[in-house]
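Chain letters run A, B, ... following the sequence lines, proteins first and then strands; every chain starts at 1.
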Amino acid sequence: MRAPTSTPSCAATTSPPPKGPTKRAAPRIPECAFSLRGAHARVTIHARVCSFSAPEAAMKLENIRTRFAPSPTGLLHFGNANTALFNWLVARAHGGAVTLRIEDTDTERSTRDFERKIMDDLAWLGIDWDEGPDKGGAFGPYRQSERTHIYREQIDKLLTSGAAYRCYCSREQLEQDRARQQENKESFQYVGRCRDLTPDDWARLDAEGKPFVVRLRKPAGNAVTVHDMIRGDIVFEADAIDDFIFVRSNGEPTFLLTNAVDDSLMQITHVVRGEDHISNTPKQILILNALGLPVPQYMHTAIILGKDKTKLSKRHGAVNVSQFREQGFVAPAMVNYLAFLGWNPKDEREFFSLEELKNNYSIEAMSKNPSIFDYDRLRYLNQHWIAHTDPERILDLVIDFLIKAELVTPQSAQDNRAWIRDIVAIMGDRLKTINDIEELGDYFFKDFDDYHPKGVKKYFKESTPEHLELIERTLSELDPFTQEGVDAALHRIMEEHELPPAKVIHPLRLALTGKIFGPGLFELAALLGKEKAVERIRKAAQWISDNNPS
RNA sequence: GCCCCCAUCGUCUAGUGGUCUAGGACACCGCUCUUUCAAGGCGGCGACAGGGGUUCGAGUCCCCUUGGGGGCGCCA
């Protein structure tokens, strides 16, 4: 249910918001002021409660500053990569700047190692930034753990102005409140026990050694409107907003404060984040209003869900960017897929490089509906991008994988680089992931003892050893052992002995590779080399005799 | 319980009141090409959640219902 999107007081005033330290694109959104009677002070807050259309916001696309603000408490999650990409696109598509801010206020769980890995994963995707902990910038520091003095100052301001108050309620009391609310089927909000405490009360409670948190005193009677760039205006009635906590009892500020304050102080013009943040937004607007700080534009992107339509998590398998990388996905495919979760070009094009995304991106084309992660589609895009990436780059990735899978050593890979290049080349479009090289071509790198059971049944007949021996004799005399040579030799055998091609080709493939699928037989045999080929043919003939197939 | 978001094929989506017997892509199923597999080509399956309005006319606008999701934390 939405309230009217404008108020009478709104129409009367268009007072501009407080200016930041340096020039920025002047907000063209009408501002209006209303006053708030706090317990100890009378403050004026600027609130945007006037409506405007989303396209109007979208038109202000100069001097854009966006930010990606990961919390280094884990690896870069797929969903976070999605919002990082959109932050990057919103800025880069309009010549704007990207900031990387590390939100490490959760000191328990944050580590420098995760911070490093997140930055590595972003870099791998091709998402770069202009300002950040590693680069510096005019609005640093870029780690929240190094900005505590800034938060302290803002918290003091809120407390002295009366926009916030100290709350001495114990966790037990709050739990009881919650339980009662649940029973009475009321919304879970703070009951306001400490709302009207005076500074004298605070002193008394402090003397008793009681800890306190700090809550924002929500302004009475005023709705807060979030102007979302892809959803339009979202109105939160005053009683839908809680007197939320933004300073913990240990004195540390929470995300609600640090995130909002930093966005404003760092002069972020467009906050691009997941839609799970929508309900945080009115609270953050309230903080900024109470502080007299500029409010950025907000853009809440659709969330990504798992197959069961719940928020994508570990339960759904791989969720970290680095996991996909390990599974053999290639960065352009990831980016391409990620971009289409929330955006699309409105026509039938489906392959976009990061550069092409930048050149085609538009905020109007963002979609609102949550999307479900589709592994098959990622694989499809990956196959395309493997085929359309510089072969030398793919070769490097294949070699990296081969080493990890212990199919080659770094030394042998270096010595046989040209040979491996040829192997990758004959794989053609068969690789959906880099790792598929193992499933598809492990026989190039190691011997095997098993033959595909279906193939054995279909192609290893009683007469097969005889044919294989015939082939073996011919091939062992072939020189040079080339694709063309093998091709010609085999066809000669077929003609001379009136053998149908199927009787030669299928058993031979099975003998050489153990598989019933793969690249062209002649080129495969040539790459395997005469020695290996002959050896495997001999071995297969023996195997068939030993196993006496039907 | 309260607040908020979302709603076209299984999935990603096109569609901005008439051109929609709803288009594309993935997946799936045929056929074709072919020494196998993959790729390619051709074809098939398959959706406007329901109900009320508004309108000459609704997938497209409004309302309700339903469904799904997110949030309501001294996490971010």
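- The ring of Y451(A) has its center closer than 6.0 angstrom to the ring center of F460(A).
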Could you list the protein-to-nucleotides 65-67 of chain B atom pairs, N/O on both sides, closer than 3.5 Å?
none

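- Of the listed nucleotides (C3(B), G71(B), C37(B)), G71(B) has the atom at the smallest distance from the side chain of S279(A).
- Here R379(A) lies out of heavy-atom contact (under 4.0 Å) with every strand.
- The residue G518(A) sits close to a base: some heavy atom pair falls under 4.0 Å.
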- Item | W343(A) and F352(A): CA distance, side-chain angles, deciding distance, ring-ring contact (aromatic ring centres under 6.0 Å, His included) verdict | CA-CA 12 Å; W343(A) 176 87; F352(A) 285 80; 5.6 Å; yes
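- The C1' atoms of U16(B) and G59(B) are separated by 11 Å, rounded to the nearest whole Å.
- With a 4.5 Å cut-off on side-chain heavy atoms, F373(A) and L378(A) count as touching.
- Closest contact between the side chain of Q383(A) and the listed nucleotides A39(B), C74(B), C3(B) involves A39(B).
- Within the 4.0 Å cut-off from OP1 or OP2 of C74(B), not a single side-chain nitrogen or oxygen of R215(A) is found.
- K432(A) comes within 4.0 angstrom of sugar-phosphate atoms only, judged by non-hydrogen atoms across all strands, and of no base.
- Of the two residues contacting RNA chain B, namely K368(A) and Y459(A), the nearest-nucleotide position lying further toward the 5' end is that of K368(A).
- Nucleotide C72(B) holds its P atom 11 Å from the CG atom of D242(A), rounded to whole Å.
- Between T83(A) and N80(A), the side chains place no donor N or O within less than 3.5 Å of an acceptor N or O (distance only, hydrogens not considered).
- Salt-bridge check for R112(A) with E115(A): passed, with a basic side-chain N closer than 4.0 Å to an acidic carboxylate O.
- Counting only heavy atoms from C-beta on, R231(A) has its side chain closest to C6(B) among C6(B), G70(B), G23(B).
- An aromatic stack links F188(A) and the base of G1(B), using centre distance under 5.5 Å and interplanar angle under 30°.
- G18(B) and C61(B) have their C1' atoms separated by 15 Å, given to the nearest Å.
- As judged by a 4.0 angstrom heavy-atom cut-off over every strand, D347(A) is placed among residues making no nucleic acid contact.
- Base contact: H277(A) has a heavy atom under 4.0 Å from a base atom.
- Of the candidate nucleotides U11(B), U35(B), C26(B), U35(B) has the atom nearest to the side chain of F522(A).
- Taking atom P on both U65(B) and A47(B), the two are 28 Å apart, rounded to the nearest angstrom.
- At whole-Å resolution of the value, CZ in F114(A) and P in A76(B) are 16 Å apart.
- Using a 4.0 Å heavy-atom distance criterion, T310(A) is classed as a sugar-phosphate-only contact.
- With 3.5 Å as the limit, one finds a donor-acceptor pair spanning the side chains of Q144(A) and D262(A).
- Atom name C1', nucleotides C31(B) and C64(B): the rounded distance is 49 Å, in whole Å.
- Side chain of K311(A), nearest nucleotide from G71(B), C74(B), U11(B): G71(B).
- Note on Q182(A): nothing from the nucleic acid sits closer than 4.0 angstrom, heavy atoms only.
- For A14(B), one of the phosphate oxygens OP1 or OP2 lies less than 4.0 angstrom from a side-chain nitrogen or oxygen of K346(A).
- At a threshold of 4.0 Å, the pair R143(A)-E103(A) does not count as salt-bridged, since none of the basic side-chain nitrogens sits closer than that to a carboxylate oxygen.
- Here K307(A) lies out of heavy-atom contact (under 4.0 Å) with every strand.
- As judged by a 4.0 angstrom heavy-atom cut-off over every strand, L521(A) is placed among the base-contacting residues.
- Set against G70(B), C5(B), A76(B), the side chain of T254(A) has A76(B) as its closest nucleotide.
- Here A22(B) sits opposite no nucleotide as a Watson-Crick or G-U wobble pair (both hydrogen-bonding atom distances under 3.5 Å).
- Within the nucleic acid shown, P519(A) comes within 4.0 Å of at least one base atom, counting heavy atoms only.
- A straight line from CG of D374(A) to C1' of C26(B) spans 6 Å, rounded to a whole angstrom.
- Taking the six-membered ring wherever Trp is involved, the centroid distance between the rings of F324(A) and F78(A) falls below 6.0 Å.
- Nucleotides U60(B) and G71(B) place their C1' atoms 30 Å apart, quoted to the nearest Å.
- For the OP1/OP2 pair of A76(B) and a distance below 4.0 Å, the side-chain nitrogens and oxygens of T105(A) include at least one atom meeting the criterion.
- Contacts of R178(A) with the nucleic acid, taken as non-hydrogen atoms under 4.0 Å apart, involve only primed sugar atoms and P, OP1 or OP2.
- I372(A) comes within contact range of the sugar-phosphate backbone alone, with a heavy-atom separation under 4.0 Å but no base atom that close.
- Rounded to whole Å, atom P of U34(B) lies 16 Å from atom CZ of R430(A).
- Closest to the side chain of E103(A), out of G70(B), A76(B), U36(B), is A76(B).
- Taking atom C1' on both C4(B) and C45(B), the two are 38 Å apart, rounded to the nearest angstrom.
- Checking A76(B), U36(B), G69(B) against the side-chain heavy atoms of R509(A) singles out U36(B) as nearest.
- One atom, CD of E364(A), and another, P of U16(B), lie 16 Å apart when rounded to the nearest Å.
- Within the 4.0 Å cut-off from OP1 or OP2 of U13(B), at least one side-chain nitrogen or oxygen of S367(A) is found.
- Residue R349(A) places none of its side-chain N or O atoms closer than 4.0 Å to OP1 or OP2 of U13(B).
- Rounded to whole Å, the distance from CG on L257(A) to P on A76(B) is 11 Å.
- In this structure, R166(A) is positioned above the aromatic face of F212(A), its NZ or CZ under 6.0 Å from the six-membered ring centre and within 45° of the axis.
- Put simply, CD1 on I471(A) is 12 Å from C1' on U35(B), counting in whole angstrom units.
- When each of S71(A) and P501(A) is assigned the nucleotide of RNA chain B with its nearest heavy atom, P501(A) is the one assigned upstream, toward the 5' end.
- When heavy atoms are screened at a 4.0 angstrom cut-off, G520(A) is found touching base atoms of the nucleic acid.
- In terms of the salt bridge (Lys or Arg N to Asp or Glu O under 4.0 Å) criterion, R273(A) has no residue partners (sequence neighbours excluded).
- Listed by first and then second residue, the ring pair (Phe, Tyr, Trp, His ring centres under 6.0 Å) pairs that reach into residues 494-528 of chain A are Y459(A)-H506(A), H491(A)-F522(A), sequence neighbours excluded.
- Proximity note for N369(A) (side chain, C-beta onward) versus C6(B), U35(B), A25(B): the nearest is C6(B).
- Under the 6.0 Å distance and 45° angle rule, R215(A) counts as a cation-pi partner of Y190(A).
- With C5(B), A14(B), C74(B) as the candidates, the nucleotide lying closest to the side chain of I234(A) is C5(B).
- Nucleotide G71(B) holds its P atom 17 Å from the CD atom of Q189(A), rounded to whole Å.
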